[in-house]
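In what follows, a structure is listed as structure tokens, so that the remarks can point back to it.
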Amino acid sequence: MNVYLDNNATTPLDPMVLARMLPFLGERFGNPSSFHSFGSSLMEAIEESRGRVASLIGAPRPAAGGPAVVFTSGGTESDNWALRGSLAATGRRTIVTTPVEHPAVLETARQLEREGFELRLARVTCDGALDMDSIREAIDPTVAVLSVMAANNETGVLMPIRECAEMAHSVGALFHTDAVQAAGKIPLDAEGDGIDLLSLSAHKNHGP
């Protein structure tokens, strides 16, 4: 008998998820942005999906003024958008993150540093917890985004997300969290915790 013990890396597709997806992989293949009804009728399913994701992470429901949920190819693209988008949106040139982030965040931040932006790495303790004093030292009005993962993918350490968001907002910066290893495993309250940008990935939760 084989036993699979790597669900932190990826999970098998749940049969219920597959059943919900199959119509869109077969007869309901239209482009939801089309003007014809065969395609545009699928937009309702997409908006329902946005609402379900918003509920999972405690985000505002998607509204006419702009979606609270944006679908990307996965967590890596989402992390990349969050950092680059924050720099573009704020016009600031500093990123603060930690040395224990997933490479999707850390390598993007290092690439941005090579492109001329400033990167500051906060310290962590010997057990992988975040050193909050080092966050305070790194935060100032030049910071565009503070990015701290919700749950570490190697150690399982849970980070103080609400406190980090408060620090970021105190200097007018955005707060991003890579919640790929947290979504569906621990309660998330994006709105209540002040999370501006949150990344997650379906394949960690029995999705595609």
Side-chain angles (χ1 to χ4, degrees), residues 7-90 102 104-105 108 144-151 153 159 161-162 164-165 168-169 173-208:
N7 281 299
N8 262 6
T10 196
T11 55
L13 187 65
D14 188 293
M16 292 186 294
V17 175
L18 177 60
R20 290 295 298 270
M21 289 175 60
L22 280 176
F24 307 106
L25 302 176
E27 66 273 15
R28 299 191 69 190
F29 60 86
N31 183 335
S33 297
S34 301
F35 291 109
H36 52 72
S37 60
F38 178 69
S40 61
S41 64
L42 304 184
M43 187 57 74
E44 182 179 345
I46 292 176
E47 293 308 320
E48 179 188 355
S49 296
R50 288 192 211 278
R52 289 177 179 271
V53 174
S55 295
L56 173 68
I57 63 173
R61 298 285 293 184
V69 174
V70 177
F71 294 120
T72 68
S73 65
T76 296
E77 183 183 357
S78 177
D79 287 336
N80 195 298
W81 271 29
L83 298 191
R84 290 186 174 274
S86 295
L87 292 166
T90 63
H102 188 276
V105 167
T108 299
V145 59
L146 168 61
S147 182
V148 177
M149 59 175 28
N153 55 300
M159 300 299 191
I161 296 306
R162 177 175 292 189
C164 289
H169 295 162
L174 296 172
F175 177 70
H176 166 251
T177 187
D178 179 338
V180 166
Q181 294 291 358
K185 300 173 185 176
I186 62 172
L188 293 171
D189 184 6
E191 188 169 26
D193 287 343
I195 299 169
D196 300 300
L197 301 149
L198 182 150
S199 302
L200 56 80
S201 189
H203 76 96
K204 303 287 187 178
N205 290 286
H206 301 283

Minimum heavy-atom distance Leu146-Cys164, with the two atoms named:
CD2-O, 3.4 Å
Does Phe24 have any ring-ring contact (aromatic ring centres under 6.0 Å, His included) partners at least two apart in sequence or in another chain, and if so, which?
none
Quick check: closest heavy atoms across Pro12 and His206, and the distance to 0.1 Å?
O-ND1, 3.0 Å
Quick check on Glu27: does its CD atom have over 12 non-hydrogen neighbours (other residues, nucleotides or ligands) under 6.0 Å away?
yes
Say whether, by atom type as modelled, one donor and one acceptor occur between the side chain of Ser78 and the main chain of Gly74 under 3.5 angstrom.
no
Salt bridge (charged side-chain N to carboxylate O under 4.0 Å, His left out) involving Arg28 - partner list, sequence neighbours excluded:
none
Nearest heavy-atom approach of Asp189 to Gly58 is OD1-O, 3.7 Å
What I want to check is whether the side chains of Lys185 and Asn7 have a donor and an acceptor closer together than 3.5 Å.
no
Closer than 3.5 angstrom, by distance alone: can the side chain of Gln181 be matched with the main-chain N or O of Ala150 as a donor-acceptor pair?
no
Between Ala165 and Asp193, the two heavy atoms sitting closest are CB-O, 3.2 Å
Heavy atoms only: give me the nearest Leu200-Val180 pair and the separation to one decimal.
CA-CG2, 3.8 Å
salt_bridge(Glu47, Arg52) N-O dist < 4.0 Å
no
Check: Asp79/Ser199 side-chain N/O donor and acceptor closer than 3.5 Å
yes
Treating Glu77 as the side-chain partner and Ser73 as the backbone partner, does any N or O pair qualify as donor plus acceptor under 3.5 Å?
yes
Any side-chain to backbone donor/acceptor pair from Asp196 onto Phe175? Under 3.5 Å, distance only.
yes
Is it the case that the side chain of Asp14 and the backbone of Met16 share a donor-acceptor pair, with hydrogens and angles ignored and the cut-off at 3.5 Å?
yes
Checking Phe38 now: which residues fulfil ring-ring contact (aromatic ring centres under 6.0 Å, His included) with it, not counting sequence neighbours?
Phe29
Got a donor-acceptor contact below 3.5 angstrom from the Ser34 side chain to the Ser40 backbone?
no
Which heavy atom in Gly207 sits nearest to a heavy atom in Leu13, and how many Å separate them?
C-CD1, 3.4 Å
Look at the side chain of His176 and the backbone N and O of Ala82, then say whether any donor-acceptor pair between them is shorter than 3.5 Å.
no
When you measure from the side chain of Lys204 to the backbone of Ala9, do you find a donor-acceptor pair of N or O atoms at a distance under 3.5 Å?
yes
Checking the side chain of Thr11 only, and the main-chain atoms of His203 only, is there a donor and an acceptor separated by less than 3.5 Å?
yes
Classify the side-chain pair His36/Asn31 by whether it contains a donor and acceptor separated by less than 3.5 Å.
no
